[in-house]
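Taking it in order: structure first as structure tokens, then the write-up.
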2 protein chains.
Amino acid sequence: MFSKATEYALRATIFIAQKGTEEKKLSIEEIAKAIDSPKSFTAKILQALTKDNHIISSVRGPNGGFYLTEKSKQLPVRIILQAMGDEEVLEKCVLGLKQCSELQPCPMHSQYKSIRKQLKELFVTKSIKQFASEIKDGVIFINNS
Amino acid sequence: MFSKATEYALRATIFIAQKGTEEKKLSIEEIAKAIDSPKSFTAKILQALTKDNHIISSVRGPNGGFYLTEKSKQLPVRIILQAMGDEEVLEKCVLGLKQCSELQPCPMHSQYKSIRKQLKELFVTKSIKQFASEIKDGVIFINNS
DNA sequence: ATAAATAAAGACAAAACTATCTTTAATTAT
DNA sequence: ATAATTAAAGATAGTTTTGTCTTTATTTAT
């Protein structure tokens, strides 16, 4: 569905939203361990979400790390797909046809369109915060081991 | 959602099922043109679907080409994903977590599982033939131009 | 001021994916 | 038999994705 990079971005952002605060920031070390992702690769991804897109906040130096502002937590999860350049799946024809539409439907269009709509709905209407608050120790997990 | 190779495989197979017969086989030339895919790359894909998986039938030489047997047309479209090694999306956690399940759900699990179920249902319950017969000239399209 | 800790930035490399081109084998028509 | 046609097979190459490592910049604590 999504690239590895996008999977890591979603996991990391939801994790940071849940565990990080401006007072207690999370290091890339902690984050990568928690979500089971390669550290340096994840660092690159968080950099992008920080620098270009201002979804995540970061501070360098001792006691530095990553956290999300309350405002960022309220963004739809779609914002992460957008930042990662990986939101095509929310719009695209399942057969990859450029001109597939209601007027020129592909053979799978009528069956697939409702699935795509629900997928888009999920990423557009739900906020980062909503998924972050799903995590309750011992009930919902975000780690991978 | 799927790789380019899988998109071409789905388009080609549905197209061949609709237009090809044992009497009037389709050449790789015709197929690639019709579904707007790179010819040699598509040849490789059809080779795989022919040789290893016996989903498509082929004959070499003059008036040779590709077609589907009636039996093949009745296979679920999932068989194409399987042959292409690209059916992971029907089963996988949206966040890419290995152990995500009802017992150890990821933060998106409860919202996403019904979407994944519908997607799987689509590929498991619908046959190649069903999508092939969706194509009616001027109403349903499979070309890309 | 200096040292330590941490993210940012950049260079590099391995693997996977997409694509092309050439040669070979099989089949048919003459 | 021979020539023509078509898929099969194999070699190669470009691009993207995934990942690592090193150096630099910033911040904090002493």
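Numbers restart at 1 for each chain; the letters A, B, ... are given by sequence-line order, proteins then strands. Keep in mind that the numbers below use all heavy atoms, side chains included, and drop hydrogens, waters and symmetry copies.
- In this structure, A:Ile31 atom CD1 and C:dA7 atom C1' are separated by 11 Å, rounded to whole Å.
- Listed by chain and residue number, nothing satisfies the side-chain hydrogen bond (donor to acceptor under 3.5 Å, both in side chains) test with A:Gln47 (two or more places apart in sequence, or in another chain).
- B:Arg78 places no side-chain N or O within 3.5 Å of a backbone atom of B:Phe123 that could act as its donor or acceptor partner.
- Following rounding to the nearest Å, B:Tyr8 (OH) and C:dT18 (P) show an atom-to-atom distance of 8 Å.
- Within the 4.0 Å cut-off from OP1 or OP2 of C:dA7, not a single side-chain nitrogen or oxygen of A:Thr50 is found.
- The main-chain N or O of B:Ser3 is found under 3.5 Å from a side-chain atom of B:Asp86 such that the two form a donor-acceptor pair.
- Counting non-hydrogen atoms under 4.0 angstrom, B:Ser27 reaches the backbone sugars and phosphates but no base.
- Taking the nucleotide of DNA chain D with the nearest heavy atom to each of A:Val59 and B:Phe66, the more 5' of the two is matched to B:Phe66.
- Bracketed by its first and final contacts, the part of DNA chain D lying under 4.0 Å from non-hydrogen atoms of chain B reaches from D:dA4 to D:dA11 in 5' to 3' order.
- One finds no salt bridge joining A:Glu121 and A:Lys126 here, because no Lys/Arg side-chain nitrogen approaches an Asp/Glu carboxylate oxygen to under 4.0 Å.
- Of the possible polar contacts, none joining the B:Gln74 side chain to the B:Lys71 backbone as a donor-acceptor pair under 3.5 Å is found.
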N/O-N/O pairs, protein side and nucleotides 9-11 of chain C side, under 3.5 Å:
{"residue": "C:dA9", "atom": "N7", "partner": "A:Gln47", "partner atom": "NE2", "Å": "3.4"}
{"residue": "C:dG10", "atom": "N7", "partner": "A:Lys44", "partner atom": "NZ", "Å": "3.0"}
{"residue": "C:dG10", "atom": "O6", "partner": "A:Lys44", "partner atom": "NZ", "Å": "2.7"}
{"residue": "C:dA11", "atom": "N6", "partner": "A:Lys44", "partner atom": "NZ", "Å": "3.3"}

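- Looking only at distances, no side-chain donor or acceptor of A:Gln104 sits under 3.5 Å from a matching main-chain atom of A:Ser101.
- Ion pairing of B:Lys113 with B:Glu102 is present here, as a side-chain N (NZ or NE/NH1/NH2) and a carboxylate O approach within less than 4.0 Å.
- Summarising the geometry, the separation between CD on B:Glu7 and C1' on C:dA19 is reported as 15 Å, rounded to the nearest angstrom.
- Computed from coordinates, the B:Lys39 NZ to C:dT22 P distance equals 12 Å when rounded to whole Å.
- In this structure, A:Ser40 reaches the bases: a heavy-atom distance under 4.0 Å links it to at least one base atom across the strands shown.
- Whole-Å rounding puts the A:Leu46 CG to C:dA8 P distance at 8 Å.
- With hydrogens and angles disregarded, no donor-acceptor distance shorter than 3.5 Å links the side chain of A:Lys120 to the backbone of A:Lys117.
- Following rounding to the nearest Å, B:Phe2 (CZ) and C:dC17 (P) show an atom-to-atom distance of 15 Å.
- Using a 4.5 Å cut-off on side-chain heavy atoms (C-beta onward), B:Asp36 and B:Tyr8 make no contact.
- Applying the 4.0 Å criterion to OP1 and OP2 of C:dA5, one finds that A:Asn63 has every side-chain N and O outside that range.
- Atom pair B:Lys24:NZ and C:dT28:P shows a separation of 17 Å (rounding to whole Å applied).
- If you measure from atom CD1 of A:Ile56 to atom P of C:dT6, you get 18 Å, rounded to the nearest angstrom.
- Ranked by how close their nearest DNA chain D nucleotide is to the 5' end, A:Gly61 and A:Ala5 are led by A:Ala5.
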